[in-house]
*Asks:* 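Just dropping this structure here.
We count ligands from 1, going down the list as the structure has it; atoms in each ligand are counted the same way. What you see below is based on every heavy atom in this structure, not just the backbone, and it leaves out hydrogens, waters and symmetry mates.
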Amino acid sequence: QPSAEARRVPDPERILSEVFGYSGFRGRQREIIDCVAGGADALVLMPTGGGKSLCYQIPALMREGCGVVISPLIALMQDQVAALRQSGVRAAALNSAEPIARIQEAERALLDGRLDLLYIAPERLMLPRTLELLARARVALFAIDEAHCVSQWGHDFRPEYIQLSLLAERFPGVPRLALTATADAPTRREIVTRLGLERARQFVSRFDRPNIRYRIAQSDAGGGSARDRLLRFIRQEHPGEAGIVYCLSRKRVEAIAQWLADQGLEALPYHAGLSAAERDRNQKRFLTGDGVIMVATIAFGMGIDKPNVRFVAHLNLPKSIEAYYQETGRAGRDGLPADAWMLYGLQDVITLRQMLDQSTADDGHKRVERQKLEAMLGLCELTSCRRQALLAYFGDDLESPCGNCDTCLEPPATWDATEPARKALSCVYRTGERFGVNYLIDVLRGRETDRLRALGHHHLSTFGIGTELEPAEWRVLFRQLIARGLLRVDVDGHGGLSLDESCRPLLRGEAAVELRREQRPARSRRERGSR
Ligand code: ADP
Ligand code: ZN
């Protein structure tokens, strides 16, 4: 093994090959390493599996002192420490799972300068004892993994992350690197302000998975039962190939797995209600067998690295765009063509909303989750390229439509919703850009509630001009205006909508809005609202 001193050379290429055994950097790894090794702060957005770990491990080896990694997942922390030690890196972890003797040894090594990387759980880092320890040691850098946990808008907010803002004050000269795989624009803004990363360079990697073809259809818009359509999809497009089918409930997982097996396919169930032994057995079979189909709840997939999964099918709506991206991202890791195929029903929306309402989370959290669900629906109802919208959600732009998603390949039938869209925007404007969708629909449809009267909004010119659409149709329209970035949602307040600059062409009559025909329930159109 090369000695630690030999490794403390300012040459990332050499560390990459001698310590980690890799021949070249991926994506923007090299740029990020140069930035942090040079002492600057950075914010790194990279999809799962993109190679975030090296972005702090290598600078930690290049710089004087020990790199401190803050990670909320103890199991992953232990895997990493074990792997690093195998490569001859002097790594240790401080968390509640470590025996006391190991912790004392790690602390001594840190103070003696005999440690390259120290992994710490966030709640432990913030103990006065730990902070004092670090103050006495030489810290090369702080890496804050899963940085989206600091955001209340993010999907797994952890209160102990909030305190990490202290690091900037306590250790002013030490570079800080925040890393995450899931950060939409609001989450990213929150990470920057809460962690004091205003001056950090931001590295947004390509999130695109060009070999995955995205397809999304509504199950209640005709075309046969969901399971028949799934079977047809598998038989026609992926006979004998490995895939994952995601369902919302354990019961449905069991039923679909059984049914596919009855049709002669090798399909196995996976959910948290099965015994650990059965889950293990099914997972092994999926990983080692040929063409096994795993029917699973979202409990399945964390850390699964099977390169030749040819399709991921969703029989229910995922609860957010992040979840959809993560789950579909398990297809086609080998770079060969793969399918992300989804059938959702309006019942899913109702079920997910109910699950949310019944959860014990606080109101602010529920509101955020509800908006994430709306954003997911917005992606489903889109009439333009799905990949562009998906990537835009993560702050990654794709210049032209992809040509490899259903809306690109078979443009959906649409109706012209330009007039109602202009009414909606005008209503947002006239009510002062602070109300949520339900209130705005009341104004548009002329529903005189007490609140509306108290605010005097029954005198507005937009009051009652939108009787041509039902409330459900207005909701689809608002969702689309949000999904397309024409309306913004106030995430800190109460979900009030405001106009985005980009809605001007539409207001001026220079742009149009098309909506999917199937989202428009068949019924005779009533008279248009009068102005
Ligand atoms: P993330 O934290 O972004 O999910 P990891 O850091 O765990 O990703 O890396 C994912 C996998 O890719 C790991 O097996 C890692 O060893 C490998 N990897 C990362 N960078 C490189 C590289 N430059 N060359 C080869 N393999 C790499
Ligand atoms: Zn497309």
Side-chain angles (χ1 to χ4, degrees), residues 12-33 42-60 67 69-73 75-84 86-87 89 91 117 119 143-148 177-183 203-216 301-307 322 325-326 328-330 333-335 339-340 379-380 382-394 396-412:
E13 305 281 346
R14 241 181 87 191
I15 298 177
L16 180 72
S17 65
E18 288 177 14
V19 180
F20 296 95
Y22 297 134
S23 52
F25 285 109
R26 279 191 190 157
R28 307 186 70 181
Q29 280 176 332
R30 180 64 205 261
E31 266 181 277
I32 298 164
I33 290 167
L43 170 59
V44 171
L45 270 84
M46 208 186 266
T48 304
K52 284 186 283 302
S53 319
L54 290 183
C55 298
Y56 54 82
Q57 289 167 346
I58 292 183
V69 185
I70 297 125
S71 165
L73 305 166
L76 290 187
M77 201 186 276
Q78 282 166 330
D79 285 353
Q80 286 222 359
V81 169
L84 285 166
Q86 288 257 313
S87 317
V89 177
L117 277 159
Y119 285 73
I144 302 162
D145 207 4
E146 313 288 343
H148 61 277
L177 169 67
L179 307 105
T180 175
T182 58
F203 297 89
V204 181
S205 294
R206 296 254 65 174
F207 274 68
D208 194 10
R209 300 286 311 279
N211 59 318
I212 299 181
R213 174 171 296 183
Y214 298 100
R215 286 146 78 183
I216 300 178
M302 279 287 235
I304 291 293
D305 198 6
K306 183 177 169 70
E322 286 95 332
Y325 180 82
Q326 291 259 318
T328 55
R330 293 179 184 127
R333 290 251 167 101
D334 55 8
D339 274 298
L379 181 70
C380 294
L382 211 63
T383 56
S384 54
C385 175
R386 297 212 198 267
R387 192 181 312 270
Q388 277 183 317
L390 187 62
L391 296 179
Y393 187 80
F394 295 108
D396 186 6
D397 292 328
L398 185 68
E399 243 160 60
S400 42
C402 75
N404 194 26
C405 71
D406 53 358
T407 46
C408 281
L409 294 166
E410 295 163 56

*Asks:* Minimum distance, heavy atoms only, to atom 9 (O) of ligand 1: which one of Cys55, Gly51, Ser17 is it?
*Replies:*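 Going through Cys55, Gly51, Ser17 one by one, Gly51 has the nearest heavy atom to atom 9 (O) of ligand 1.
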*Asks:* Parallel, tilted or perpendicular for Tyr119 and Tyr56, by the 30°/60° rule?
*Replies:* perpendicular
*Asks:* Stepwise, does the side chain to side chain contact (heavy atoms under 4.5 Å, CB included) test hold for Tyr393 with Leu379?
*Replies:* CA-CA 10 Å; Tyr393 187 80; Leu379 181 70; over 6 Å; no
*Asks:* Rounded to 10°, how big is the angle at the Zn ion (ligand 2) from Cys385 SG to Cys408 SG?
*Replies:* 110°
*Asks:* Going by the closest heavy atom to atom 6 (O) of ligand 1, which one wins out of Ala181, Ser53, Gly21?
*Replies:*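 Looking at heavy atoms only, the winner is Ser53.
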*Asks:* Which residue holds the protein heavy atom closest to atom 20 (N) of ligand 1, what is that atom called, and what is the gap in Å?
*Replies:* Gln29 NE2, 2.9 Å
*Asks:* Could you check atom 15 (C) of ligand 1 against the protein and tell me its nearest heavy-atom contact, residue, atom and distance included?
*Replies:* Tyr22 OH, 3.6 Å
*Asks:* Does some non-hydrogen atom of the protein lie less than 4.0 angstrom from atom 25 (C) of ligand 1?
*Replies:*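 Under the 4.0 Å cut-off, atom 25 (C) of ligand 1 does have protein heavy-atom neighbours.
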*Asks:* Among all the protein's non-hydrogen atoms, which is closest to atom 3 (O) of ligand 1, and how far away is it?
*Replies:* Lys52 NZ, 2.8 Å
*Asks:* With heavy atoms under 4.0 Å as the rule, classify the contact between Met46 and ligand 1 as side chain, backbone, both or neither.
*Replies:* neither
*Asks:* Report the residue from Asn404, Asp406, Thr407 that forms a side-chain hydrogen bond (donor to acceptor under 3.5 Å, both in side chains) with Arg386.
*Replies:*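 Output: one option passes, namely Asp406.
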*Asks:* Tell me, which protein residue and heavy-atom name are nearest atom 18 (N) of ligand 1, and how many Å apart are they?
*Replies:* Arg26 NH1, 3.5 Å
*Asks:* For Met46 and Cys55: C-alpha separation, side-chain torsions, deciding distance, then whether side chain to side chain contact (heavy atoms under 4.5 Å, CB included) applies.
*Replies:* CA-CA 11 Å; Met46 208 186 266; Cys55 298; 4.0 Å; yes
*Asks:* Write down the atom of Ala60, the atom of Gly67, and the distance for their closest heavy-atom approach.
*Replies:*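 Ala60 and Gly67 have their closest heavy atoms at CB-CA, 3.9 Å.
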*Asks:* If every non-hydrogen atom of Gly51 is compared with every non-hydrogen atom of Gln29, which pair is closest and at what distance?
*Replies:* O-NE2, 2.9 Å
*Asks:* Applying side chain to side chain contact (heavy atoms under 4.5 Å, CB included), run through Arg213 and Leu409 and close with a yes or a no.
*Replies:* CA-CA 10 Å; Arg213 174 171 296 183; Leu409 294 166; 3.6 Å; yes
*Asks:* With a heavy-atom distance limit of 4.0 Å, tell me whether Phe25 approaches ligand 1 through its side chain, its backbone, both, or neither.
*Replies:*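 Near ligand 1, Phe25 shows its backbone, while the atoms from C-beta on stay back.
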*Asks:* Considering only the protein, which heavy-atom contact is closest to atom 23 (N) of ligand 1, and what is its distance?
*Replies:* Gly24 O, 2.8 Å
*Asks:* Among all protein heavy atoms, pick out the one at the shortest distance from atom 4 (O) of ligand 1; state its residue, atom name and that distance to 0.1 Å.
*Replies:*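 Answer, as residue, atom name and distance: Gly49 N, 2.6 Å.
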*Asks:* Under a 4.0 angstrom heavy-atom cut-off, which atoms of ligand 1 come close to Pro47?
*Replies:*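 By the 4.0 Å cutoff, the relevant atoms are 3 (O).
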*Asks:* Working to the nearest 0.5 angstrom, can you tell me the gap between Glu13 CD and Ser23 OG?
*Replies:* 10.0 Å
*Asks:* Distance check, rounded to the nearest 0.5 Å: Leu54 atom CG versus Tyr22 atom OH?
*Replies:* 6.5 Å
*Asks:* Could you please compute the angle at the Zn ion (ligand 2) from SG of Cys405 to SG of Cys402, rounded to 10°?
*Replies:* 110°
